[in-house]
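Quick caveat, the model's predicted, so the values are computed rather than measured. Along the sequence shown, residues are numbered consecutively beginning with 1.
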Amino acid sequence: MKLIKTALTVALSMAATAAIANDTLTLEDLTKIQSVGQTVISPNGDTVAFTRSVPREIYVEKDGFNYSELFLTDAKGNERPFITGKVNISSLEYSADGKFVYFLAKFKEDKFKSLYRIPVDGGQWQKVIALKGTSISSYDLSPDNKKIAIIAKPAKPKSDKKLKELGFKAETYELGLTNSELMITDLAVTDDALTLDGIALNTYVSDVNWSSDAQQLLVKTQPSALIDDKYMKSTWHVYDLAQQKTVMSFATEGKLGDAEFSPSGEFVAILGAEDKHDPATGRLYLANTKTGKIENWLPNFEGHVSDFEWSNKSDTLNFVAQIDTESFIAKIKPGSTKYKTTLKRGKLIAGRLSISDSDKTVAFAGHSRKHPSEAFILRGKKDIRVSNSNAWLSAKRLAKQETITFNAEDGTRLDGVLVYPLDYQEGTRYPLIMSVHGGPESHDKDGWVTNYSRPGQVAAARGYAVLYPNYRGSTGKGVDYSKLGQNDYAGEEFNDLVRFKQHLVDRGLVDNKRVGITGGSYGGYASAWAATKLTEHFATSVMFVGVTNQLSKFGTTDISNEMHLVHARSYPWDKWQWYLERSPIYWAGQSKTPLLIMHGKDDPRVHPAQSMELYRYMKVQGKDVRLIYYPGEGHGNKRMAAKYDYSLRLMRWMDNYLLDGKSEMPAYEIDHAAKLKAKKEETK
């Protein structure tokens, strides 16, 4: 039997050595990581246009969201920057002849977001269509490029601004919301901003897709602009241009994703839910445009389909599926439930498909254990990486990462992604950070797992093991599995977290006394539950935008209908005491776990008062608790300064209790002034 050592001194030594070597991932490195967003293949399959998310430089640039730049690359990965700098490029489409890339942007001279295009052979971008008094939210070019479908809100009356200046600012909650409308016009370069009338659908339009003959449109609608209506009450329709009316609506129930006409126009592929209680849009449906009949294309599929794209020359659907912690790309034809895999499981976590006219080349975005999202092309079964967003990452040593799997006592299969401590030594016990995903209709994949709120490789470089547990109720294992947590808030789903911990302790990897937990949203709920109800199992906790009171959460969220249908399966008034006892505030008095709470001050999903409640319940009882609010941030931090500040506080809290072994809370200040001064000295 091998001697089991404590990892405290080992971890501290490793962290110090790594800092000197400068060959490991740091929190400062996270502020520089770039990633590929949308990928679009040219009609001839020779080039890929993609957007790259570029962070703002901390302590140098004015605070704000990441920039989104436009690049083109060939099949050998020779990138060409097309539009870079302080820009926000989105919604890429190639012209039918492949000569232009169309995109949405709002440049300095623009008041509103407009449609632009840029020649692929080089040259300046050109404004194509602007709307008077409003931004273009999204668009779709007709296949023959003669028409364009636009989704936008109508321009606000001029009197609105004047009335606000005069002080008339009363708001009627959830009423008087403006619908996004569908507008159709000729695709032509126009110098003047257009005023377009919306098609009379009398509802909120959220998505649109052309048929291959440009005679019909798939239109996705919902009753109002409310996010709850988007989640639970969306419908896909077929709108006929000649008849100027909706000629068919597809009968679906529950959450609804993308839809697309097949090349022949005979079929429509739809991503949706199995029923109104299905938490996720992971079912692939095939609808017949003649009869309106819709059927589950992959019945009993024990995974979740996440993206799809029809081939151009035949009614063959290319799709991405997520199973367990892996993904694959496959093809399937109408009339068959058998699919042919084109990108095997375990190679990449894929998404955002785009198909060339010949069907021979597929572009997609993919990430792996070694890199964030990059652009790839798939020809046959050969995948080729064609972008390199973070060349400097090759000089960094990354820790071993793998999927772990085991069964709970009741036979439920559990899996998760484990990042080992860098320079892991078998027989040594290490501190553990458990990073819990939100949703819970989500799951962690065995790809790139490190970002500002999920410490991954950064924590591994400091001597931690990091676990991303897929507790019951996670996606990736079919509908039945994703429903296992329903009507059982914080029940067996969070008991699974203790099972994960014990599994790693039993393996000899983790020090039972040095386990911390963190997570956002539903993962924040888990972190609060771990710090209160499950306090004996966790030495420290960092909660982010988390739920603390299930009674008040229902009354303050923008997704109460979704909570009822796909999570709670009941209402608070059905069982008040049960909801209270499934709330961390109920157990605050017994907490022995120091808790750091962080929350966006403008969060519409989980009201910031949720964090205030638990903070106050713990504070008045003398518990170690701290609350940090981020003004201007919502359900997750989007601006770089808030992200970096969050990362610093997260790791300082974990280090304080798990590495340094201290019992008192760390200082609450972050000396950003000193960091700013150091940055100025560095750039002189």
Side-chain angles (χ1 to χ4, degrees), residues 408 429-438 440 464-467 469 471 485 488-506 510-551 553 577-599 610-628 649-650 652-666:
R429 289 193 183 272
Y430 294 86
L432 172 70
I433 297 176
M434 190 179 294
S435 182
V436 186
H437 70 72
Y464 292 95
V466 185
L467 177 69
Y471 48 93
D488 191 25
Y489 277 148
E492 288 305 307
E493 58 183 6
F494 290 169
N495 289 339
D496 284 342
L497 304 179
V498 178
R499 295 180 178 106
F500 274 104
K501 171 195 168 180
Q502 193 59 48
H503 177 74
L504 295 181
V505 170
D506 291 345
V510 167
D511 181 346
N512 184 57
K513 299 295 184 182
R514 295 183 182 273
V515 177
I517 187 170
T518 186
S521 193
Y522 210 84
Y525 179 28
S527 302
W529 191 253
T532 55
K533 182 63 166 70
L534 302 177
T535 185
E536 70 271 22
H537 299 288
F538 296 94
T540 192
S541 177
V542 177
M543 165 190 146
F544 189 33
V545 294
V547 180
T548 70
N549 182 347
Q550 288 290 4
L551 291 169
K553 163 64 161 51
Q577 186 63 27
W578 183 87
Y579 273 77
L580 180 59
E581 291 182 14
R582 296 303 174 101
S583 303
I585 59 164
Y586 186 81
W587 305 98
Q590 70 174 28
S591 176
K592 296 182 177 67
T593 304
L595 176 64
L596 172 62
I597 304 171
M598 295 190 273
H599 210 130
Q610 288 288 302
S611 286
M612 177 71 76
E613 286 192 50
L614 184 56
Y615 169 79
R616 190 63 68 201
Y617 272 67
M618 294 185 70
K619 184 72 174 178
V620 297
Q621 297 184 73
K623 309 299 181 181
D624 286 344
V625 63
R626 180 169 296 152
L627 173 59
I628 307 294
R649 294 180 188 277
L650 166 67
R652 184 173 66 176
W653 193 266
M654 292 294 179
D655 289 351
N656 184 74
Y657 294 104
L658 303 181
L659 286 187
D660 301 339
K662 294 182 178 179
S663 57
E664 67 277 5
M665 290 189 289

Verify ring pair (Phe, Tyr, Trp, His ring centres under 6.0 Å) between Phe494 and Tyr522, making sure each step is shown before the conclusion. CA-CA 11 Å; Phe494 290 169; Tyr522 210 84; 5.7 Å; yes

Derivation and outcome, side chain to side chain contact (heavy atoms under 4.5 Å, CB included), residues Gln550 and Trp578: CA-CA 9 Å; Gln550 288 290 4; Trp578 183 87; over 6 Å; no

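Using a 4.5 Å heavy-atom threshold, the side chains of Asn495 and Leu534 count as touching.
The backbone N or O of Gly589 lies less than 3.5 Å from a partner atom in the side chain of Lys623, making a donor-acceptor pair. Proximity of a side-chain donor or acceptor of Thr518 to a complementary backbone N or O of Val542 within less than 3.5 Å is detected. Arg429 contributes no side-chain N or O that, together with a main-chain N or O of Arg514, makes up a donor-acceptor pair within less than 3.5 Å. Looking at Thr540, its side chain never comes within 3.5 Å of a backbone N or O of Gly516 through a donor-acceptor pair. Between the side chain of Ser527 and the backbone N or O of Ser541, no donor-acceptor pair lies under 3.5 Å. Here the side chain of Lys501 pairs a donor or acceptor atom with the backbone of His537 at under 3.5 angstrom. With Tyr464 contributing its side chain and Leu658 its backbone, the two residues share no donor-acceptor pair below 3.5 Å. Not one N or O on the side chain of Thr548 forms a donor-acceptor pair closer than 3.5 Å with the backbone of Pro584. No donor-acceptor distance shorter than 3.5 angstrom exists from the side chain of Ser591 to the backbone of Trp587, with no hydrogens or angles considered. Glu493 places a side-chain N or O within donor-acceptor distance of the main-chain N or O of Ala490, the cut-off being under 3.5 Å.
One finds a salt bridge joining Arg499 and Glu492 here, because a Lys/Arg side-chain nitrogen approaches an Asp/Glu carboxylate oxygen to under 4.0 Å.
Taking each heavy atom of Met618 and Asp624 in turn, the nearest pair found is CE-O, 4.4 Å. Scanning all heavy atoms of the two residues, the minimum distance from Trp529 to Glu581 falls at CH2-O, 3.3 Å.
When the options Gln610, Arg582, Glu613 are evaluated for a side chain to side chain donor-acceptor pair (under 3.5 Å) with Asn549, the one that passes is Glu613.
Considering CG of Leu504 and CG of Asp511, their distance stands at 12.5 Å, rounded to 0.5 Å. One finds the OG atom of Ser521 at 11.0 Å from the NE2 atom of His437 (value rounded to the nearest 0.5 Å). Distance CG/Leu580 to OH/Tyr586: 6.5 Å, rounded to 0.5 Å. Put simply, CD1 on Ile628 and NE2 on His599 are 13.5 Å apart, with the number rounded to the nearest 0.5 Å.
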